Every structure is written in C-alpha cells, then in structure tokens.
Undergrad: 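Pasting a structure here, questions to come.
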Amino acid sequence: MGMGSNITIAPAVALFCHVIDNYGDIGVCWRLARQLAAEHGLQVYILVDDLQIFRKICPAVDTTASVQHVDGVEIIAWGTTSVPARATDVSLVIEAFGCNLPNDFLEAFARRIPVPVWINLEYLSAESWVEDFHATASPHPLLPLTKHFYFPGFNDRTGGLIREAWLISRRDGFQRQLKANATRHCNNVNGGNASPQVRLLVSVFCYPNAPLLELFKAMENDISQVFCLIPEGVASEKVAAYLGTSARAGATKQVGNLTVEVIALTNQDDYDKLLWTCDLNFVRGEDSFVRAQWAARPAIWHIYAQPDDAHWPKLQAFLDRYVEAASATLQPLLQHLYHAWNGSGHIATAWKNWRTASFDTDASRWENHATVWASKLADDADLATRLLQYAKKLG
C-alpha cells in the first residue's frame with residue numbers, strides 16, 4: 001500500500017499506550033496515531049488503558065466504549081476482555097515507552113506470518129548516548145519476535161520529532177494573523193498614534209512541584225503587565241491557594257502587574273494555538289515540550305522529576321543544545337530560568353534578571369532564537385516518516 005511519504009508496508013498498525021504521566025504519554029501517542037492514519041494511509045489501532053485521561057485531550061472519546069473510532073483511528077480500551085482479533089492482525093506494533101505488552105498479545109503477534117515489526121518508541125532525550133542505542137534490537141527470549149528500540153531526538157542520528165505535514169504552515173498563518181490583528185488594533189486607537197500596550201502573555205503547564213507561587217510573586221512585581229493562563233487541573237492546589245478559591249476554569253485574580261486566569265483544558269489542536277499565541281510558554285513532560293518548540297516562541301521546560309535526580313542530565317543535555325546558538329547575554333539567563341524552574345535556584349531571581357535584561361537589544365532576542373531553533377528542527381524529517389522508513393527496512 002502506498003502512503004504519503006512513498007513508503008510501502010502492510011496497512012495496519014497497533015499502538016499500545018499505558019498512561020503514566022497523565023497527558024504526556026497519551027498526548028504523544030494520539031498525535032502519532034492520527035498522523036499515521038491521516039498522512040500515511042494506515043489503519044491504526046490505538047490501545048489505551050485510561051480513557052478518562054484520554055478524553056481530557058480528546059473530548060470526542062467515549063469513556064464507556066470498548067471500541068470506537070475518532071479521527072480515522074480505532075480506539076480500543078486496553079484491559080477489556082474482548083479485544084478485536086483485527087488489532088493483532090497487523091504488520092507493525094508500536095509499544096510506547098516500554099509499556100510491556102501482555103503475553104497474549106505477543107503470542108498472537110508471533111503466530112502471524114510474517115511476524116510484525118515490533119518497535120519500542122522511547123522517551124525523547126537530547127543525551128548523547130541516545131544516538132548509540134537508537135535502532136538497536138532485542139530478541140524475545142521465547143518467541144520469534146524482536147523488539148527494536150526507537151529514540152526520538154534532535155538530529156538525523158536519532159528518530160526525529162513528531163511534526164505533522166501541515167504544522168509549520170498552519171502555525172505561520174495563525175501567527176501572521178495575530179500580528180495583523182494587533183497592528184490594526186493599535187492603528188485604530190487615538191488616530192493611529194498609540195503604541196501597543198506593554199504586556200506579556202504567558203501559559204503555564206507544569207507539575208505540582210513547580211515553584212509556582214514564587215513565580216506569581218515575581219510576576220506581581222514585573223516591569224510590565226503579565227497575563228498568566230493556566231489550564232484547569234494543572235498544579236491545582238497551588239493555583240487554588242493563590243486564587244483563594246477553587247482552581248476551576250474561569251477563576252481569575254489580579255494582584256499588582258499580574259493577572260492569573262484558569263482556562264479550560266483544551267484538545268490538542270487548540271492547545272497548539274494557545275502556544276502559538278503566548279509570548280512565553282511554561283511546558284512539561286514530552287508532548288507539550290515538543291509542541292512549544294514548534295510554536296517558535298520562548299519556552300521553559302518543567303521536566304518530570306526522577307529518583308536520585310536522574311532527570312538532571314536529560315534536562316541539561318537539552319539545555320546545552322538549545323542555548324548553543326543563543327547570544328552570550330541570553331545563554332546564562334536561560335540556564336538560570338530552566339534550573340530555577342526545576343528546583344535548583346530561585347525562580348523569582350531568575351525571572352527578574354531575565355525581565356530586566358529583556359529590554360536590552362541583545363538579551364531580548366529569545367524570540368528570534370526560538371524561531372531559528374524551530375526552523376532548524378524542521379529541516380529534518382519528522383518522526384512518523386522516519387519510523388515508517390525504519391519499519392520498511394526491517395520488514
């Protein structure tokens with residue numbers, strides 16, 4: 001069967017997702033499933049063990065259905081007693097993030113002739129060791145199956161990043177319209193003599209352990225108006241403590257130069273638009289982390305904390321790569337912001353230092369740096385295309 005990238009493999013794919021990091025795991029898997037179906041013409045079965053979380057990023061999901069179809073993908077409630085046989089009659093199996101496929105699935109796959117290509121989609125990392133382990137294989141000890149490890153990454157020696165064919169052009173069109181609307185608004189004020197209001201629009205998507213209250217305090221004393229948008233369900237206890245009320249969509253508070261508003265958690269397409277709109281995005285996990293980079297806007301990553309600080313090398317590996325081409329003035333400011341937001345340093349100090357410097361010609365170029373970074377990433381093929389090319393070689 002021919003597909004969008006001139007790749008030919010059998011048309012059915014089973015993608016397994018065990019929801020651990022709330023929206024991150026299912027977020028990555030759902031974007032990949034939709035892209036494989038829409039752009040590459042594959043029949044995609046996605047098996048998910050938590051439809052409640054899934055529904056929060058895809059409101060069309062019916063949490064009571066064992067089998068359903070959304071956006072050209074067949075969704076199967078993993079853990080039900082009646083998994084359709086067609087979900088095992090596939091030629092490509094994607095095990096997301098080492099979710100450990102049950103023996104009955106593996107035995108069903110092993111009975112197929114030929115056996116399907118089995119790929120373990122790993123977590124994204126910029127660490128150098130990833131390049132050595134990308135596309136390595138591990139035979140099953142009992143069954144005639146081989147698992148192949150596939151690592152997303154930031155260069156052509158890894159598996160690339162999820163990026164739909166429409167993403168860049170749609171983003172650019174959306175941001176051009178934003179700029180045009182802002183210009184028209186300014187030209188209609190006081191006979192065209194008004195300058196744009198100095199303000200910073202910020203989105204915050206973080207884990208509960210983020211130093212959110214310290215950030216709010218710094219924003220209250222910011223040098224300009226700051227409007228902070230936080231999706232419902234994100235760091236709810238801290239947000240509620242600051243608001244003095246339940247952190248539900250629509251709740252808002254204004255103190256000093258800061259306005260905080262809780263917004264409804266949206267589907268993935270609308271979340272992309274939020275990232276494209278904001279001047280700065282705080283993001284977490286993997287899915288929003290990647291989408292913030294495609295937004296070509298300044299972004300700060302809250303990495304998932306692991307025991308014994310195992311996450312720090314992963315954070316630093318990305319940060320070293322990200323700031324490499326930034327100006328000498330901007331580099332330490334970004335390092336300080338990333339470190340402080342992840343618990344090493346004081347976020348209030350890091351915020352004040354960046355905001356004070358942001359009015360200097362050199363230090364204000366984070367926006368330009370983010371645009372160049374996104375453009376550089378887009379020079380490489382996307383993850384879905386590379387993954388199918390790899391599967392074709394194996395099959």
Side-chain angles (χ1 to χ4, degrees), residues 124-131 152-158 161 175 198 200-207 210-212 214-215 218-219 221-224 226 228 275-276 278-286 288-305 309-380:
L124 172 65
S125 178
E127 294 170 283
S128 59
W129 64 264
V130 165
E131 298 172 12
F154 298 92
N155 59 36
D156 58 9
R157 295 183 295 280
T158 57
L161 301 172
Q175 291 180 339
V198 178
L200 191 74
L201 185 61
V202 180
S203 76
V204 176
F205 191 46
C206 63
Y207 294 112
L212 194 56
E214 293 87 341
L215 177 66
M219 289 176 166
N221 299 296
D222 197 78
I223 52 182
S224 70
V226 179
C228 188
L275 296 174
W276 300 345
C278 289
D279 303 297
L280 172 66
N281 296 298
F282 289 81
V283 291
R284 79 181 201 193
E286 181 166 327
S288 61
F289 168 52
V290 172
R291 301 312 278 197
Q293 292 173 70
W294 290 132
R297 300 289 202 197
I300 301 175
W301 182 28
H302 194 206
I303 192 171
Y304 186 79
D309 289 336
H311 56 287
W312 274 103
K314 184 176 180 178
L315 175 69
Q316 193 60 51
F318 167 75
L319 192 51
D320 289 344
R321 190 184 297 264
Y322 181 65
V323 306
E324 185 177 12
S327 68
T329 306
L330 183 59
Q331 285 185 11
L333 295 170
L334 298 187
Q335 293 271 2
H336 193 189
L337 278 167
Y338 269 69
H339 288 173
W341 187 237
N342 283 279
S344 178
H346 300 286
I347 189 61
T349 302
W351 178 265
K352 182 178 180 180
N353 289 344
W354 169 60
R355 293 294 286 149
T356 300
S358 66
F359 284 88
D360 295 337
T361 302
D362 188 49
S364 65
R365 292 178 181 169
W366 193 358
E367 297 87 350
N368 295 336
H369 175 65
T371 300
V372 172
W373 171 258
S375 179
K376 180 181 177 182
L377 293 178
D379 287 340
D380 292 331

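Bear in mind the structure is a predicted one, so any value in this text is a computation, not a measurement. Residue numbers run from 1 in the order of the sequence given.
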Undergrad: Is there a side-chain contact between Leu124 and Phe318, using heavy atoms and a 4.5 Å cut-off?
TA: no
Undergrad: Please check this pair: side chain of Arg321 against backbone of Ala126, looking for a donor-acceptor N/O pair closer than 3.5 Å.
TA: yes
Undergrad: Could you tell me whether His339 atom NE2 has more than 12 heavy atoms of other residues or ligands within 6.0 Å of it?
TA: yes
Undergrad: Tell me, yes or no, whether the heavy-atom count around Lys352 atom NZ, taken from other residues, nucleotides or ligands under 6.0 Å, exceeds 12.
TA: no
Undergrad: How far does CZ of Phe205 sit from CZ of Arg291, to the nearest 0.5 angstrom?
TA: 13.5 Å
Undergrad: If you compare all heavy atoms of Ala218 against all heavy atoms of Ala348, which two are closest, and at what distance to 0.1 Å?
TA: CB-CA, 3.8 Å
Undergrad: Nearest 0.5 Å, please: how far is OG in Ser125 from CD in Glu286?
TA: 9.5 Å
Undergrad: Restricting to non-hydrogen atoms, name the atom on Cys206 and the atom on His302 that form the minimum distance, rounded to 0.1 Å.
TA: CB-ND1, 3.7 Å
Undergrad: To the nearest 0.5 Å, how far apart are OG1 in Thr371 and CZ in Arg365?
TA: 13.0 Å
Undergrad: Minimum heavy-atom separation for Asn342 and Ile303, please, with both atom names.
TA: OD1-N, 3.0 Å
Undergrad: Could you tell me whether the side chain of His369 and the main chain of Tyr322 form a donor-acceptor pair under 3.5 Å?
TA: yes
Undergrad: A side-chain contact here means heavy atoms from C-beta on lying under 4.5 Å apart; do Leu319 and Gln335 qualify?
TA: yes
Undergrad: Taking all non-hydrogen atoms of both residues, which atom of Ala296 and which atom of Ala374 are closest, and how far apart?
TA: CB-CB, 4.0 Å
Undergrad: Hey, which of Cys228, Ser288, Cys278 is the one that makes side chain to side chain contact (heavy atoms under 4.5 Å, CB included) with Ser203?
TA: Cys278
Undergrad: For the pair Trp301 (side chain) and Gly285 (backbone), establish whether a donor and an acceptor sit closer than 3.5 Å, ignoring hydrogens and angles.
TA: yes
Undergrad: Among Val283, Leu280, Asn281, Ile347, find the one that has a side chain to side chain contact (heavy atoms under 4.5 Å, CB included) with Ile300.
TA: Leu280
Undergrad: Say whether Trp351 and Asp222, considering side chains only, have a donor N or O and an acceptor N or O under 3.5 Å apart.
TA: yes
Undergrad: Measure the shortest side-chain to side-chain distance between Tyr338 and Val323 over non-hydrogen atoms and say whether it is less than 4.5 angstrom.
TA: no
Undergrad: Starting at CH2 of Trp366, measure out to CG of Leu333 and round the result to the nearest 0.5 Å.
TA: 9.0 Å
Undergrad: Would you mind reporting whether Phe282 and Leu212 have side-chain heavy atoms less than 4.5 Å apart?
TA: no
Undergrad: Do Trp373 and Phe154 make a side-chain contact, defined as non-hydrogen atoms from C-beta onward lying under 4.5 Å apart?
TA: yes
Undergrad: For a quick check under 3.5 Å, do Ser224 and Arg355 share a side-chain donor-acceptor pair by atom type?
TA: yes
Undergrad: Please check this pair: side chain of Thr356 against backbone of Asn353, looking for a donor-acceptor N/O pair closer than 3.5 Å.
TA: no
Undergrad: Determine the minimum heavy-atom distance between Val130 and Pro152, stating which atoms define it.
TA: CG1-O, 4.3 Å
Undergrad: Where the side chain of Gln331 meets the backbone of Ala326, is there a donor-acceptor pair that is under 3.5 Å apart?
TA: yes
Undergrad: Do any N or O atoms from the side chain of Arg297 and from the backbone of Trp276 form a donor-acceptor pair under 3.5 angstrom?
TA: yes
Undergrad: Angle class for the Tyr304/Tyr207 ring planes (parallel below 30°, perpendicular above 60°, tilted otherwise)?
TA: perpendicular
Undergrad: Looking only at non-hydrogen atoms, find the nearest pair between Glu127 and Pro313 and report the distance.
TA: OE2-CB, 3.7 Å
Undergrad: Judged by atom type as modelled, is there a donor-acceptor pair below 3.5 Å linking the side chain of Glu367 to the main-chain atoms of Asp279?
TA: no
